[in-house]
Protein chains: 2
Amino acid sequence: MVTLSEENYLKAIYHLGNQGDNTVSTNAIAEQIEAKASSVTDMVKKLADKQLANYIKYQGVSLTEEGRLTARTVIRKHRLWETFLVKKLNFSWHEVHDIAEQLEHIKSEKLIDKLDDFLDNPTHDPHGDPIPDKHGNYTKIKSKSILEIKPGNQGVLTSVKDSSKAFLKYLNKNELALGDSIKVVDFEPFDESFTIETKTKTITISKNVAKNLCLSI
Amino acid sequence: MVTLSEENYLKAIYHLGNQGDNTVSTNAIAEQIEAKASSVTDMVKKLADKQLANYIKYQGVSLTEEGRLTARTVIRKHRLWETFLVKKLNFSWHEVHDIAEQLEHIKSEKLIDKLDDFLDNPTHDPHGDPIPDKHGNYTKIKSKSILEIKPGNQGVLTSVKDSSKAFLKYLNKNELALGDSIKVVDFEPFDESFTIETKTKTITISKNVAKNLCLSI
DNA sequence: TTAATATTTTAGTCTTGACTAAAAATATTT
DNA sequence: AAATATTTTTAGTCAAGACTAAAATATTAA
Ligand SMILES: [Mn+2]
Ligand SMILES: [Mn+2]
Ligand SMILES: [Mn+2]
Ligand SMILES: [Mn+2]
């Protein structure tokens, strides 16, 4: 049995491992999970005891195959519930993360399979992130941050790198949503801002915003 | 903040208090919650500290107004989730209780309000139990156990007193479901069994089964 | 290549919610 | 009314998962 707290650690290690090499530092986990480094050391030992993580003192943590699958299962649940909340209960995409943080720990394989079917087996959640299937597999849509796109090119907004409430609300305010067709029309070197054009309007966005918007070309 | 464990105790005290006078013994709670009496004493003190229960040593426990409302809110969530599982995810009524035991602790008022609307504000759960509204109010359908019904009378099966998996599976096997029109045709004093007639068939049921089937006349 | 700094681990505490065993209070019999 | 049985509470433990402070290790800079 994997506890709620263990699930949260596995998820954190998984996410951190995916952006860099696969071995993660105690401090990085501590920051992600908002706990102290000493608490992380304790938990990481437990995960290693349960064969969910590889851990060598002072050298960081990585997930075992079993740990990785467990992490993906939690992520699958999180993203399916987010999809449910938006598609069926009409929540906005900025409201669902905190509720999904709770729902992702509900234990029932049958429930998740049925929820998956009820939602017509979605492949991506409301933030454009891929939903693993029940074996933990998924394919990420190839997309590029606007930062890396040269003026003149265009694509469809398929995911956001930052899913924070503040950022999503900013996008709501500026009427930018997943699926929108976006053309990059200008880049201003002075402040590294971009000017982009949608079906309905042209707006200028900061470097920080550009970085977090991913288009598939 | 009310913890998951506190919510379970409030629910137990509420259910026990409803069948008898409103004051409940330590032992009764212990049995309901499957814990030892000493653990109950500890928790009951915490509930009293938080103004959720009235407690006098050796004299039993009752809920305060606030405790009662909290209990009803948990019960509301439990029954709404059970309804969701049966109506939307096509679970059978004998499968939903254990999952609802987990879901009832998810904290988000907005979620429950939206779930309620999504289900078209149901008044009763899959076992015929009333669903409190967001103020904790509900009206129970008037119904009588078959035990108290004289042969010759008939009514509609509106709830079951026992929601255990074993009993619900028995009803599935015998194709008895809520909403069925049932006529009591005979009572056999020797073993206190009843013979009942539905639209499709006539069957004999034991006293124990009869006791747990409630018809509204 | 030391010295200073940063990271990580250890040791010891705390809280929550459980437990056992023993003591105290209440209830039931004789 | 006393003896016995039952219920309830108290006292002391335990495990999980967090914390602080101090020690150990690793990294970076002088
Ligand atoms: Mn999320
Ligand atoms: Mn998401
Ligand atoms: Mn139930
Ligand atoms: Mn029910």
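Lettering of chains follows the sequences in order, A, B, ..., and the numbering in each one begins at 1.
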Query raised in the report: If you fit an axis to the five pairs at each end of the helix from C/dT1-D/dA30 to C/dT30-D/dA1, how big is the angle between those two axes, to 10 degrees?
Result: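 Computed angle between terminal axes is 10°.
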Report task. For side-chain contact (heavy atoms from CB on, under 4.5 Å), just list the numbers for B/I106 and A/I106, CA-CA rounded to whole Å, side-chain angles, deciding distance to a tenth of an Å, and then say yes or no. Result -> CA-CA 9 Å; B/I106 300 292; A/I106 301 293; 4.1 Å; yes
Report summary line: Given protein heavy atoms under 4.0 Å, the one-letter contact record of nucleotides 17-22 of chain C, with B base, S sugar-phosphate only and - none, is simply BSBB--
Rounded distance in Å - [atom1] ([X]) to [atom2] ([N]):
X     : N      : atom1 : atom2 : result
B/M1  : C/dT16 : CE    : C1'   : 11 Å
A/D49 : D/dA16 : CG    : C1'   : 14 Å
A/N27 : D/dT25 : CG    : C1'   : 14 Å

**Report entry** Pairs touching residues 205-217 of chain B that satisfy side-chain hydrogen bond (donor to acceptor under 3.5 Å, both in side chains), sequence neighbours left out
**Finding:**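 As it turns out, the side-chain hydrogen bond (donor to acceptor under 3.5 Å, both in side chains) pairs with a partner in residues 205-217 of chain B, which skip direct neighbours, are B/N208-B/K211.
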Requested in this report: Among residues two or more places apart or on two chains, list those pairs meeting side-chain hydrogen bond (donor to acceptor under 3.5 Å, both in side chains) that have a residue in residues 43-53 of chain B.
Outcome: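 Listed once each, the pairs are B/E6-B/K50.
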Requested in this report: Please collect all salt bridge (charged side-chain N to carboxylate O under 4.0 Å, His left out) contacts where either partner lies in residues 109-118 of chain B, sequence neighbours excluded, each pair once.
Outcome: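 Every pair satisfying salt bridge (charged side-chain N to carboxylate O under 4.0 Å, His left out) with a residue in residues 109-118 of chain B: A/E95-B/K110, B/R76-B/D113, B/R76-B/D116, B/E109-B/K134, B/D113-B/K134.
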Query raised in the report: Near DNA chain C, which residues from residues 52-62 of chain A have a heavy atom under 4.0 Å away?
Result: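 Close to the strand are A/Y55, A/K57, A/Y58.
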Query raised in the report: Can you name the side chain to side chain donor-acceptor pair (under 3.5 Å) partners of A/Y138, sequence neighbours left out?
Result: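 A/Y138 satisfies side chain to side chain donor-acceptor pair (under 3.5 Å) with A/Y14 only.
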Query raised in the report: Among all residues two or more places apart in sequence or in another chain, which pass the side chain to side chain donor-acceptor pair (under 3.5 Å) test with B/D42?
Result: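 With sequence neighbours excluded, B/D42 shows a side chain to side chain donor-acceptor pair (under 3.5 Å) to no residue whatsoever.
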Query raised in the report: Who passes salt bridge (Lys or Arg N to Asp or Glu O under 4.0 Å) against A/E188, sequence neighbours left out?
Result: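 Partners of A/E188 under the salt bridge (Lys or Arg N to Asp or Glu O under 4.0 Å) test: none.
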Cut-off 3.5 Å, no hydrogens considered: what does the side-chain donor-acceptor table look like for residues 23-41 of chain B, sequence neighbours left out?
unit_1, atom_1, unit_2, atom_2, d
B/S25, OG, B/A28, N, 3.1
B/T41, OG1, B/A37, O, 3.2

Report task. Kindly write out the residues that satisfy side-chain contact (heavy atoms from CB on, under 4.5 Å) with B/E65, not counting sequence neighbours, or none if the list is empty. Result ->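 Once residues adjacent in sequence are excluded, the partners of B/E65 under the side-chain contact (heavy atoms from CB on, under 4.5 Å) criterion are B/R68.
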Expected list for residues 166-174 of chain A: side-chain donor-acceptor pairs under 3.5 angstrom, two or more places apart:
unit_1, atom_1, unit_2, atom_2, d
A/N172, OD1, A/W93, NE1, 2.9
A/N172, ND2, A/H94, ND1, 3.2

